[in-house]
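Working notes, beginning with the structure itself.
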Amino acid sequence: MAQRPIAVLGECVADAFADALQPRPGELALRVLPGGGPANTAVALARLGTPTRFLGRISSDAFGALFRGHLASSGVDLSGAVAAREPSTLAIATFDAHGQAQYSFHAEATADWRWTAAELAAARPEDAACLHTGSLALVRAPGDERIEEALLRARSGATVSIDPNVRPLLVDPAVYRQRLSRWCELADILRLSSDDLELLMPGATPEHACDAWHLAGVRLVVITLGSRGALASLDGVRVLVPAPLTEVVDTIGAGDSFTAGLLHRLSLAGRLGGRLEQLTADEVADACRYAARVAAFTCSVAGPNPPWAHQLESVPATASR
């Protein structure tokens with residue numbers, strides 16, 4: 001039976017970095033790469049071999065052309081994308097000593113947040129085996145409420161996956177905290193980072209957070225812990241997966257790649273398309289181990305550049321720190 005597609009709903013972002021070449025005096029040279037959490041996840045999924053449809057509002061400006069080329073060349077289906085008149089969202093990144101990116105955003109009145117009900121209906125997110133979304137698209141008006149409505153409709157035939165990907169420079173974390181219980185009602189899978197956890201539930205342990213979110217309704221919670229790997233909890237049954245040893249260039253897109261690896265593996269196991277009724281802890285562990293390898297490869301190269309399936313052969317299947 002043919003593998004049903006995964007639909008990814010959310011934003012594209014132009015990630016700008018200071019150019020390695022020396023600009024002329026008085027100038028700042030920027031190197032721009034296509035990014036944005038949902039777009040990164042869609043690219044990673046398609047490169048791994050999962051049929052993937054990206055549902056986004058892509059600008060007609062120069063950045064929008066960059067996004068479309070990047071997504072299409074990675075094998076992503078753009079039939080559900082909207083040709084938007086508004087400009088693209090821009091993020092300017094700087095790095096700390098560990099390769100961790102810090103961003104400044106230019107996101108007011110940009111294309112990504114202007115979803116209409118008619119546009120979402122035409123995109124048909126409910127046709128997929130899984131609808132994945134998150135990041136800024138879930139908290140930026142006016143499209144945020146319409147996306148939540150689309151998630152509710154999609155639940156009739158699709159597994160729902162959410163990555164909050166908290167961006168405190170653009171949106172007060174209190175907004176995410178206020179909406180998180182609603183997202184747990186809508187989602188079957190919640191994937192987030194330890195940084196997200198600290199912003200959403202300050203001081204809480206990953207185990208405590210998993211239990212709280214299970215009570216709110218979500219069945220599978222996966223918290224990525226950077227170099228310490230990932231903790232997954234399926235209805236309270238815990239799985240701890242180590243991260244492969246990796247020479248880190250930067251961490252941009254690593255979490256998005258992990259999400260893609262997780263969903264790809266669950267799709268191959270035939271577990272997407274409903275409420276994860278048949279999913280086992282062993283299958284979760286397998287999916288997380290695979291996802292950790294996908295994320296490790298992404299950390300080993302510059303920018304949000306996830307691997308093609310054949311490139312994972314260079315990443316060890318298991319490793320401990």
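Along the sequence shown, residues carry numbers from 1.
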Exercise for review: Check the surroundings of atom CD in Glu145: do more than 12 heavy atoms from other residues, nucleotides or ligands lie under 6.0 Å from it?
Suggested key: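 Not buried by this count: 12 neighbours or fewer within 6.0 Å.
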
**Study point:** Neighbour count >12 (heavy atoms, 6.0 Å) for atom CD, Glu247
**Key:**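 No, the 6.0 Å shell around CD holds no more than 12 heavy atoms from other groups.
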
Exercise for review: Evaluate side chain to side chain contact (heavy atoms under 4.5 Å, CB included) for Tyr290 paired with Leu268, printing each intermediate quantity in order.
Suggested key: CA-CA 12 Å; Tyr290 182 85; Leu268 288 179; over 6 Å; no

Tell me yes or no: between the side chains of [X] and [Y], is some donor less than 3.5 Å from an acceptor?
X	Y	value
Thr280	Asp282	no
His214	Ser233	yes
Arg53	Ser79	no
Asp196	Ser193	yes

Check this for me: does any side-chain nitrogen of one of [X] and [Y] sit under 4.0 Å from a carboxylate oxygen of the other?
X	Y	result
Arg219	Asp188	no
Glu149	Arg146	no
Asp211	Arg238	yes

Review point. Going hydrophobic residue to hydrophobic residue with side-chain gaps under 4.5 angstrom, can you get from Leu152 over to Val160?
Key: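 Looking at the clustering, Val160 is in the same group as Leu152.
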
Check your understanding: Among Thr159, Leu272, Asp286, Ile6, which residue meets the side-chain contact (heavy atoms from CB on, under 4.5 Å) test with Leu266?
Key ->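 Only match with Leu266 under side-chain contact (heavy atoms from CB on, under 4.5 Å): Leu272.
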
